[in-house]
Structure formats: C-alpha cells, structure tokens
Amino acid sequence: MPRPEDITADHSAARRVIAAIWHIEAARIIGAVARIVREVGLAEEFAQDALVAALERWPVDGVPENAGAWLMTAAKRRAFDYLRHQRVTSEKADEFGHQLDFEHDLAQDELIEQVDAKLDAASEAAIGDDLLRLIFTACHPVLSPEARCALTLRVMGGLSTDEIARAYLKPEATIAQRIVRAKRTLAAARVPFEVPRGTELVQRLASVLEVIYLIFNEGYSATAGEDWIRPALCEEALRLGRVLAGLMPAESEVLGLVALMEIQSSRFAARVSAKGEPILLLDQDRSRWDRLLIRRGLDALARAESLPVALGPYALQAAIAACHAQALDVRQTDWERIAALYDALAQAAPSPVVTLNRAVAVAMAFGPAAGLEIVDTLRGEASLQNYHLLPSVRGDLLVRLHRHAEARAEFERAAEQTRNTREQALLLDRARRCADAMRRTSSSTISSQ
C-alpha cells in the first residue's frame, strides 16, 4: 500500500507534467475552440475547464498517451455543450449563425465523434489557421498595449495570471483585470476570429509584432525590479515569434523580428555578472555569446533580405544586431555600417529613441563630439524627459570627452529616472568614477603647479 507522501509526490510530478503539456498545447486548444465558439474569452474559459479536469483526473488515472488530444477533446466538449445550451435557450436562432454547420451534429448522440472528425479532417492546416487567427485576435489594436501583452501571454503562451504578474512585477489582481477587460472588450467590439486581408493585414501585423517585441523588451531590459533581465519573458516572445514565422514564412518583418530576438538572446550569458550586475555591450565577453542563436538569427535575416521588399524597421534592427554579432570584439565592429543602418531606420521608423541610438553609432564611428551634437538636439524632446537612457548616453559621451563633472551630473540624473535597481547601481557607480576622475585631475593640476 503506497504511503501518503508517495501519493503526494506522484501528484506533484503529474502536475508538473500537466503544466509542461499545457504550455505547449494551450494556444492550439484555445485556437481550435475559438473557431467553434467565435470568441476568444469563451474559448480560453473552456480550455481552462479542460485543464482543471486534467488536474483532477490525471494524477489519479495517469497521464494519457496523447495528452494534447485529451485536452482538445475535453475543451471541445465544453464548447459543444455551450452551443447546445445556447440553441435550446435562445429564441433567436439567427443570433447563432455560426452554429449552423453544427446543427445536424448537435441533434445526434455521437456529437463529439462526428464533429471532431469533420474539424480534424485537415488538422495541420486547421491548426495553423487557428493559431494565426488567435494571435491576430489577442493582439487586436482595440486593446491597449498592456492588455494585448497580457492576453497574448495568457492564450498564446499558456501562462497563468500569477506567472504573468510575476514576470511584469505587477499585482496578480492588476493582470487579472487586464485580461478580463481585454476579453470583454474583444467581445463588445465583436472582433471577428479571423486573419485580416489586404491592407488591414499589414496594419494588424504591425500590432502583432509590436506585442511580441514589447514582451521581449521587457525581458531584455526590465523596466523595474531587482533583475536587469528576465530571460523567461524573452524566451516566450521568441517562441511566439518562431511560431508566427512558421505560419507566415514570406513576411519580411516577421523574419526580421525573429532574427533580432535570436541575436539579442544570444548575449544573455554575457549581459550579467555572477552577482547579477549588468554588463554593457562594449564590455561583454563575446566568447560567451550563444553562437547557435546567432546563426539562427543570421539565417532568419538572410531569408528576410532575400524577399523582394525593402527591409522594414525590425529587419533593419536585426541587421544592426548582426553587425555586433559578427564582430569578434568591439574593435572589429563596423560602426560606419551601423550608423548607416540607423540612418535607414530613422527614415523607415523615425523616433527620438532611434535618433539617440544613431547618436551612439555616430560617436563610435566618427568620435564622441559628433555623437554629442546629435544627442543635444534631443534634450528638449518631451517624450524623452523621463527616459533615463538620454542622460546615460550623454554622460558616456561626456566621459569620452573628459568632461567628468558634466558626465557625473548626467549619470546621477539617469539613476534617478530608472526604476530598475541593478541599472540604478550601475549608473551611480559610473557617477562615482567620474568623481574619482575629477579628484585625480584636480590632484594632478595641484602637483604640477
């Protein structure tokens, strides 16, 4: 007879397996169910019901051989039960026009078996279409960027509300409200569960890519908290990008974003010290960069460049990242090409942040004075007044010009503006170094008199 602690251990192991399976299968299941009920909120609810059923039964009965199919069937049963109830209770059958394809099946005892056979006749194509519909719906511009990110991680990533809250350092209640409101907004706006066509596709694809990039950036340079990077968020964004690239292999900007994230992700091992302290790009040990991720990124960029369209903002950023990745050390970096690519990026997607990054490249290619001249044009930019990287970059250029007193003030200003404790410590340390340099200069001046 098993001991109670053995049973508990078995249940814990089963729950870990269920969590791993759910993370892989969630988007596929929610997408398939959303195709039936035509509403992402309901689809996610029915998929969660299937997950709850698995958590109740699998620790006792064992994990099914085809766990994904088990979850899919359970979720579809809930969806069909809902449709049956709606048909029975509704006095206006025309309000449920999307049910017409299922009306005959709903009258039969073998409902699930018959309908599943129809739905899965072309399963691979259907799964791809469902995932595309799902990601375009979750990233709909009718939602705020924060809501789009939360909902996408929930339905496409299979993350729990608690996991998303921890990733963004937000209260779980805040994330839960965002997700609930997002689903209500989609339902109220009657957002169709479909992939847009023509010019609308281009506009909506931009929203999808923005969401994935926002998720990645929050992981790559955390805006708040004690960790400078959160690899889990970057990994989730990269996974979503790879899925999208597999579904839309001829979209240059999709490939460009994947290339950018692959190359940026390659630096993780070199971006922080053993103590978790930030290590800036120019100081990183490039032998620690992941060459496999770099190769994957360069391959994705090559595919984007082979398409008969001009490179867009993500592909241009990937090309910039590729310049860094292909240089064995800082001295071999082709800064003039990077500056030229930033010029192209400023034309394709002009913004003060792009101009600031261009200033850094210009400084590396043509000297700090040239870079500072560009940076100083941004000092009155309203959108950058609380952007800590503006004084940080300015401070770095002033150091290179041996203007340490001014640089110290800039680093202290940047430290006040950042909400990330690791980055704040880095900036304050740079301010202290400026103070040390000022003292050395003063001492040298006195001794020479």
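Throughout, residue positions are numbered sequentially from 1 according to the sequence presented. This is a predicted model, so every value here is computed, not measured. Atoms considered below: every heavy atom in the structure, side chains included; atoms not considered: hydrogens, waters and symmetry mates.
Scanning all heavy atoms of the two residues, the minimum distance from P192 to T137 falls at O-OG1, 3.9 Å. What you find for A67 and I21 is that their closest heavy atoms are CB-CD1, 3.5 Å. Contact between L378 and P352 at its shortest, heavy atoms only, is CD1-O, 3.8 Å. The two residues L209 and E253 have their closest heavy-atom pair at CD1-CB, 3.7 Å. When all heavy atoms of W70 and A50 are compared, the pair lying nearest together is CZ3-O, 3.8 Å. Here the closest non-hydrogen pair linking I215 and C149 is CG1-SG, 4.0 Å.
Between L205 and F136, some side-chain heavy-atom pair lies under the 4.5 Å cut-off. A heavy-atom distance below 4.5 Å is not found between the side chains of P391 and F411. Contact check for R413 versus R394: no side-chain heavy atoms found under the 4.5 Å cut-off. Between D285 and R288, the closest side-chain pair of non-hydrogen atoms falls below 4.5 Å. When side chains are defined from C-beta on, F268 does not count as touching W289, because their heavy atoms never get closer than 4.5 Å. Y387 places a side-chain heavy atom less than 4.5 Å from the side chain of L356. The shortest distance between side-chain heavy atoms of T333 and I338 falls below 4.5 Å. A 4.5 Å side-chain heavy-atom check between V330 and D283 finds every atom pair outside the cut-off.
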Could you go through L51 and I29, starting from their C-alpha distance and side-chain angles, then the distance that decides it, and tell me whether this counts as side-chain contact (heavy atoms from CB on, under 4.5 Å)? CA-CA 11 Å; L51 176 60; I29 294 167; over 6 Å; no

Applying side-chain contact (heavy atoms from CB on, under 4.5 Å), run through H85 and F80 and close with a yes or a no. CA-CA 8 Å; H85 177 74; F80 292 133; over 6 Å; no

Derivation and outcome, side-chain contact (heavy atoms from CB on, under 4.5 Å), residues Q424 and H388: CA-CA 10 Å; Q424 185 179 63; H388 72 282; over 6 Å; no

Between L390 and E381, does the side-chain contact (heavy atoms from CB on, under 4.5 Å) criterion hold? Intermediate values first, please. CA-CA 10 Å; L390 176 58; E381 178 64 45; over 6 Å; no

Can you list the steps and then say if R133 with D130 is a salt bridge (Lys or Arg N to Asp or Glu O under 4.0 Å)? CA-CA 5 Å; R133 294 185 189 108; D130 289 344; 2.9 Å; yes

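Here CD1 of I24 is found 11.5 Å from CG of L71. Values are rounded to the nearest 0.5 Å. Annotation: the span from R422 atom CZ to K275 atom NZ amounts to 10.0 Å, rounded to 0.5 Å. Of the inter-residue distances, the one linking R15 atom CZ with L55 atom CG reads 5.0 Å to the nearest 0.5 angstrom. To the nearest 0.5 Å, atom CG of residue L131 and atom CD1 of residue I30 are 10.0 Å apart. Note that CG of L280 is 6.0 Å distant from CZ of R430, once rounded to the nearest 0.5 Å. Expressed to the nearest 0.5 Å, how far CZ of R35 lies from CZ of F193 amounts to 8.0 Å.
Note that R271 lies in the cation-pi zone of Y220, set by a 6.0 Å cut-off to the ring centre and a 45° limit from the axis.
Surrounding CD of Q385 are more than 12 heavy atoms belonging to other residues, nucleotides or ligands, all under 6.0 Å away.
By the side chain to side chain donor-acceptor pair (under 3.5 Å) test, E277 is found to be paired with S273, residues two or more places apart in sequence or in another chain being considered. Applying the side chain to side chain donor-acceptor pair (under 3.5 Å) rule to D49 yields the partners R78; only residues at least two apart in sequence or on another chain are considered.
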Give every donor-acceptor pair under 3.5 Å between a side-chain atom in residues 306-321 and any protein atom, sequence neighbours left out.
from : atom 1 : to   : atom 2 : distance (Å)
S306 : OG     : R303 : O      : 2.7
Q317 : OE1    : Y213 : OH     : 3.0
Q317 : NE2    : P313 : O      : 3.3

Quiz: residues 229-252 side-chain donor-acceptor pairs under 3.5 angstrom, not counting sequence neighbours:
from : atom 1 : to   : atom 2 : distance (Å)
R230 : NH1    : A167 : O      : 2.8
R230 : NH1    : E218 : OE2    : 2.7
R230 : NH2    : A224 : O      : 2.5
E236 : OE1    : H23  : NE2    : 3.2
E236 : OE2    : R239 : NE     : 3.0
E236 : OE2    : R239 : NH2    : 2.7
R239 : NH2    : M156 : O      : 2.9
R242 : NE     : E262 : OE2    : 2.9
R242 : NH2    : E262 : OE1    : 2.9
R242 : NH2    : E262 : OE2    : 3.3

List the atom pairs, donor and acceptor, that lie under 3.5 Å between side-chain atoms in residues 173-190 and the rest of the protein, sequence neighbours left out.
from : atom 1 : to   : atom 2 : distance (Å)
K183 : NZ     : E44  : OE1    : 2.8
T185 : OG1    : R181 : O      : 2.7

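The main-chain N or O of E210 is never found under 3.5 Å from a side-chain atom of R148 such that the two would form a donor-acceptor pair. Panel note: side chain E163, backbone S160; a donor-acceptor pair is recorded below 3.5 Å.
Using a cut-off of 4.0 Å between Lys/Arg side-chain N and Asp/Glu carboxylate O, E25 and R28 are scored as salt-bridged. Under the 4.0 Å criterion applied to side-chain N and carboxylate O atoms, R295 and D299 are assigned as salt-bridge partners.
Contacts classified as side-chain hydrogen bond (donor to acceptor under 3.5 Å, both in side chains) and involving residues 350-360 (residues at least two apart or in different chains) are given here: D343-R358.
If you check the side chains of R291 and S266, you find no donor sitting under 3.5 Å from an acceptor.
Below 30°, between 30° and 60°, or above 60°: for F46 and Y82 the angle between ring planes is between 30° and 60°, a tilted geometry.
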